[in-house]
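Comments concern the structure below.
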Amino acid sequence: MKTGGRLDAAIEILTDIETNHRPVSEALKDWGTKHRFAGSGDRAAIGNLVYDSLRKRSSIGWRMGAESPRALVLGTYVWTWGQGLAGLDAALAEPHAPAALSDDERTRLGTDDGLADAPDPVRGDYPAWLETAFLRVFGDDAAAEGAALATRAPVDLRANALKSTRDKALKALEETGAVAGRLSPVAIRVPVPGGPGRAPHIESEPAYLKGHVEIQDEGSQIAALVAAAFGGSQILDLCAGGGGKTLALAAAFENKGQIYAYDDDKRRMKDIFDRLKRSGVHDVQVRTPGKTDVLADLAGRMDLVLVDSPCTGTGTWRRRPDAKWRLTEAALEARMAEQDAVLDEAVRFVRPGGRLVYVTCSVLADENEDRIADFLIRHPDFTLIEPLAGLAKTDPATAAALARFVRRNERVAPVLRLSPATAGTDGFFVAVLEAAA
């Protein structure tokens with residue numbers, strides 16, 4: 001396919017998503033099934049156009065005067081992909097391309113400073129109803145933080161210490177352009193090309209297939225490192241899902257002790273057994289929900305309970321840009337209720353003097369600081385402690401590098417907050433609570 005045909009296909013897919021309220025992945029898959037002549041390069045380029053259009057939907061829509069699929073794709077190609085009007089004109093002259101530009105489109109696409117007077121939610125490409133929430137967390141940096149969440153995310157990997165080292169993994173992944181991560185001592189980052197370029201297919205790499213590396217955002221790795229650094233021989237990952245942090249904990253503990261992995265939705269755990277096997281993990285016991293309380297025997301025994309809480313996922317918008325435009329106030333309220341419930345559930349497993357680590361991939365204080373503040377009112381026998389206290393003992397260099405991400409305010413302090421703009425990771429929040437002895 002030529003570029004013009006790719007532009008037209010992206011418009012068609014965005015129209016399908018908008019009209020039928022479909023997930024992006026589903027719409028892209030169906031389009032590919034119906035257009036089998038499209039090669040892998042075509043599908044990658046079209047997917048990139050669709051995702052980039054959604055990442056910057058608000059700012060492109062502002063500049064184009066419309067958020068129609070056509071306006072978004074044309075704006076993405078000219079501005080985000082940097083092809084300019086000349087490049088777009090050449091693409092529109094090709095067979096199967098969208099219609100030629102109108103005078104208004106040409107004028108708008110030729111304007112370089114179309115966001116000078118735009119409000120923060122437009123410049124930051126986040127929903128306008130979240131403006132107060134973003135200002136509360138980021139202040140004057142709200143637009144910049146939102147804009148960072150509207151970029152493409154790199155592919156982050158964790159070197160699996162049970163089978164390899166980061167240096168060996170980097171050598172094995174040399175052809176992918178992999179480099180060492182900035183903050184986590186086991187992080188590897190594979191840059192993602194811009195425009196129509198395809199990211200390397202890591203799941204096909206021998207290093208991945210042999211379990212030497214796992215796909216995991218560096219922010220998620222840091223959350224697991226912070227938790228593991230507090231030690232303990234009995235650990236419960238209460239919202240384990242696919243097992244990303246369970247695997248990271250097992251590697252950090254070098255297969256010593258006992259980790260229990262649980263999730264109240266067994267469907268989210270469908271990949272965990274294969275991942276455990278591939279990674280060489282032996283100290284994890286998976287427990288799936290059933291008719292009885294499968295965690296009853298763990299009550300009051302855990303040195304560490306990790307709550308990787310369900311959340312809105314605002315910190316992962318780089319990877320799931322369609323999710324930010326589907327997010328509603330009702331959905332946020334529902335997540336907050338779930339977070340309170342899972343925190344209260346976690347309490348029954350923490351031994352006296354044990355620790356509870358609360359993690360979200362959200363940047364909203366509603367799901368983070370507010371939940372911890374309310375938890376401490378309900379459970380005054382818990383105390384919020386320095387999140388890097390354990391890491392400062394086990395890995396002082398990493399703790400020192402992370403110190404600038406510790407946040408303090410008059411209501412809840414101290415906590416760890418990461419974001420694409422500040423840390424180059426997904427948005428993550430970490431709070432460490434200690435039970436009275």
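Only this structure's heavy atoms are used, side chains among them; waters, hydrogens and symmetry mates stay out.
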Compute whether any side-chain donor of one residue and acceptor of the other, for [X] and [Y], lie under 3.5 angstrom apart.
| X | Y | result |
| --- | --- | --- |
| S279 | E214 | yes |
| W31 | D16 | no |
| E367 | T312 | yes |
| S59 | D125 | yes |

> Looking at side-chain heavy atoms only, is the closest gap between L49 and W81 below 4.5 Å?
Replying inline: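 A side-chain contact under 4.5 Å exists here.
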> Side-chain contact, heavy-atom cut-off 4.5 Å: Q285 with Q258?
Replying inline: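 Side-chain contact under 4.5 Å: yes.
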Is [Y] paired with [X] through a side-chain N to carboxylate O contact shorter than 4.0 Å?
| X | Y | answer |
| --- | --- | --- |
| E174 | K171 | yes |
| R268 | D264 | yes |
| E338 | R371 | no |
| D237 | K245 | no |
| D283 | K256 | no |
| R189 | E218 | yes |
| R278 | D274 | no |

> Out of curiosity, H379 NE2 to L343 CG, how far, rounded to the nearest 0.5 Å?
Replying inline: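 Answer rounded to 0.5 Å: 7.5 Å.
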>> Ignoring hydrogens, what is the shortest heavy-atom contact between G241 and D263? Give both atom names and the distance.
In response: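 Answer, listing the atom of G241 first, then D263: N-OD2, 3.0 Å.
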> Are the side chain of N255 and the backbone N or O of L162 linked by a donor-acceptor pair below 3.5 Å?
Replying inline: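 Flag not set: sc N255 to bb L162 has no pair under 3.5 Å.
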